[in-house]
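The basis for the numbers below is simple: all heavy atoms, side chains too, and nothing from hydrogens, waters or symmetry mates. Proteins get letters first, then strands, A, B, ... in listed order; numbering begins at 1 in each.
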There are 2 protein chains.
Amino acid sequence: MTLPANRYRPNARQRGEDTWRRILDTALALFAAEGFDGASTREIAERAGVNLPAIQYYFGSKEGLYRAAIAHVGEQVVQTIAPITARVWDSLGSGTPSRAQLIKLLCELVNAVVTMFLDETLPDRENRSLFVSRVEIEHAAALDPLNEIMRQHLLAPGAALVGRLVDRPAEDEQVVLRALMILGQAKIFGSCSVVRSLGWNAIDESRVNSVQSIVNEHTRAICRALKGPA
Amino acid sequence: MTLPANRYRPNARQRGEDTWRRILDTALALFAAEGFDGASTREIAERAGVNLPAIQYYFGSKEGLYRAAIAHVGEQVVQTIAPITARVWDSLGSGTPSRAQLIKLLCELVNAVVTMFLDETLPDRENRSLFVSRVEIEHAAALDPLNEIMRQHLLAPGAALVGRLVDRPAEDEQVVLRALMILGQAKIFGSCSVVRSLGWNAIDESRVNSVQSIVNEHTRAICRALKGPA
DNA sequence: GATTGACAGTATCATTCGATAGACATAACG
DNA sequence: CGTTATGTCTATCGAATGATACTGTCAATC
């Protein structure tokens with residue numbers, strides 16, 4: 001086949017890195033806006049200012065490009081949430097954290113979700129929300145990693161915290177359901193239609209803070225009502 | 001053009017009603033599973049056991065069929081929620097309901113969302129969840145009615161109830177945000193990936209009741225913490 | 001300075017899609 | 001019976017799409 005050995009980005013430091021990056025950025029926006037089927041390679045190439053076969057050259061196929069875009073979003077999500085997740089596991093692993101600490105960590109977890117969906121100082125905010133929403137309805141295998149990230153970095157630590165609060169295992173169904181609902185309060189802001197219906201064209205810091213303080217209030221209220229095993 | 005006057009279902013009692021219905025049912029399932037672009041008219045026709053032009057004959061176009069499917073889902077959603085919504089407006093319009101009544105109505109509203117997404121005794125449960133999820137990411141105009149239904153029958157009465165509880169107008173941003181978050185707890189169960197990750201292949205009545213009792217507990221806890229204007 | 005490999009560009013292929021043309025069948029109705 | 005409206009079928013069109021074959025360009029390397 002005589003394909004160059006470094007196709008599909010094995011070593012990035014080459015002449016074409018600009019092109020590679022431009023394609024990825026454009027694809028990210030277009031896939032987010034139009035979905036996998038909706039975004040045509042021709043439009044991606046045109047907006048990125050490259051020719052059509054460049055996509056196959058750099059990413060192997062349209063699906064390869066999609067995977068790369070998803071991976072990029074996944075990294076951003078991990079960067080936003082991983083620090084809090086790590087602190088949760090630390091607290092739960094070492095010693096016996098107080099109820100106040102558990103609740104505080106849960107609030108931070110919820111805040112991270114809000115930040116991920118609403119904070120426009122982070123890059124690609126809208127694309128991130130859209131991809132995370134797509135996880136739920138597009139069966140595309142390329143979206144699985146993102147789904148797994150959300151499960152491991154949000155639901156799992158959330159359930160672990162709630163489990164401690166009600167003195168039950170984190171795998172207990174009631175515990176998982178409670179964690180899902182608490183996180184659901186924040187996840188609703190991943191919906192573009194919700195953000196749009198709020199009339200929020202720009203999302204400044206005060207709005208993010210406002211959402212976080214309210215969702216923290218709710219989370220604390222829920223946790224306060226959580227006594228030992230029912 | 002000599003088109004028959006009763007095209008596109010003006011009067012339904014004709015010979016072709018079976019065909020019409022079979023196309024709509026098949027399309028409902030396929031559009032839900034694959035999206036508008038993903039579901040081809042050829043596959044719809046094949047699975048419905050009709051020929052390809054039958055879709056244009058009965059629904060004018062693929063988009064017409066999509067609209068019909070959305071409208072059908074919309075009616076189901078309205079049927080599930082409208083009774084509770086009506087009771088909310090009744091209570092708020094006549095007299096001054098007690099806090100306990102307001103909270104009870106809010107719980108019923110939230111329960112309706114859970115029912116809508118999880119109750120498998122209602123027809124087309126999964127299709128309904130998928131369409132509602134698609135509302136958030138597909139800009140298709142055909143989905144707007146569904147979006148509007150959710151806003152008028154869930155968010156608006158929810159915000160009205162919360163507004164009374166905190167003694168603020170229903171349009172107040174903080175009030176709307178609180179209502180969104182409370183409903184978000186239930187809305188998370190519209191996510192197929194969530195239901196799947198719970199390992200719930202079948203959703204029996206006990207599971208629905210379990211979810212509802214927990215979400216009611218949370219909602220009451222949140223409302224208890226809601227005192228007059230901050 | 002010739003060669004080689006990384007990249008860019010043009011032209012084109014094969015497939016799939018929604019839609020339509022137009023023939024055919026059948027039931028309703030005078 | 002004959003006409004007309006209603007519904008079904010086969011065949012096909014035109015457009016859009018992902019992918020590829022092939023050529024051209026240019027910098028690095030020996």
Between [X] ([atom1]) and [N] ([atom2]), how many Å, whole number?
| X | N | atom1 | atom2 | value |
| --- | --- | --- | --- | --- |
| A:Tyr57 | C:dA6 | OH | P | 6 Å |
| A:Glu43 | D:dA15 | CD | C1' | 16 Å |
| B:Asp18 | D:dT6 | CG | P | 18 Å |
| A:Tyr66 | D:dT17 | OH | P | 17 Å |
| A:Glu46 | D:dT17 | CD | P | 11 Å |
| B:Ile44 | C:dA19 | CD1 | P | 11 Å |
| A:Glu17 | C:dA6 | CD | P | 16 Å |
| A:Phe31 | D:dT17 | CZ | P | 13 Å |

Practice problem: Kindly write out the residues that satisfy salt bridge (charged side-chain N to carboxylate O under 4.0 Å, His left out) with B:Arg134, not counting sequence neighbours, or none if the list is empty. | Solution: B:Glu138
Self-check item: Salt-bridge criterion met for A:Glu63 and A:Arg67 (N-O under 4.0 Å)
Solution: yes
Self-check item: Residue list, side-chain contact (heavy atoms from CB on, under 4.5 Å) with A:Asn127, at least two apart or on another chain
Solution: A:Leu28, A:Ala29, A:Ala32, A:Asp124
Quiz item: For A:Asn147, what residues pass the side-chain contact (heavy atoms from CB on, under 4.5 Å) criterion, not counting sequence neighbours?
Solution: A:Val135, B:Ser193
Quiz item: With sequence neighbours left out, what residues match A:Phe117 under ring-ring contact (aromatic ring centres under 6.0 Å, His included)?
Solution: none
Quiz prompt | Residue list, side chain to side chain donor-acceptor pair (under 3.5 Å) with B:Arg151, at least two apart or on another chain | solution = B:Glu148
Practice problem: Kindly say if B:Tyr58 contacts the phosphate of D:dT6, meaning a side-chain N or O under 4.0 Å from OP1 or OP2. | Solution: no
For nucleotides 18-24 of chain D, tabulate all protein N/O to nucleotide N/O atom pairs closer than 3.5 Å, reporting atom names and distance.
{"unit_1": "D:dG18", "atom_1": "OP1", "unit_2": "A:Lys62", "atom_2": "NZ", "d": "2.4"}
{"unit_1": "D:dG18", "atom_1": "OP2", "unit_2": "A:Thr41", "atom_2": "N", "d": "2.8"}
{"unit_1": "D:dG18", "atom_1": "OP2", "unit_2": "A:Thr41", "atom_2": "OG1", "d": "2.7"}
{"unit_1": "D:dG18", "atom_1": "N7", "unit_2": "A:Arg42", "atom_2": "NH1", "d": "2.8"}
{"unit_1": "D:dG18", "atom_1": "O6", "unit_2": "A:Arg42", "atom_2": "NH2", "d": "3.1"}
{"unit_1": "D:dA19", "atom_1": "OP2", "unit_2": "A:Gln56", "atom_2": "NE2", "d": "2.6"}
{"unit_1": "D:dA19", "atom_1": "OP2", "unit_2": "A:Lys62", "atom_2": "N", "d": "3.0"}
{"unit_1": "D:dA19", "atom_1": "O5'", "unit_2": "A:Gln56", "atom_2": "NE2", "d": "3.4"}

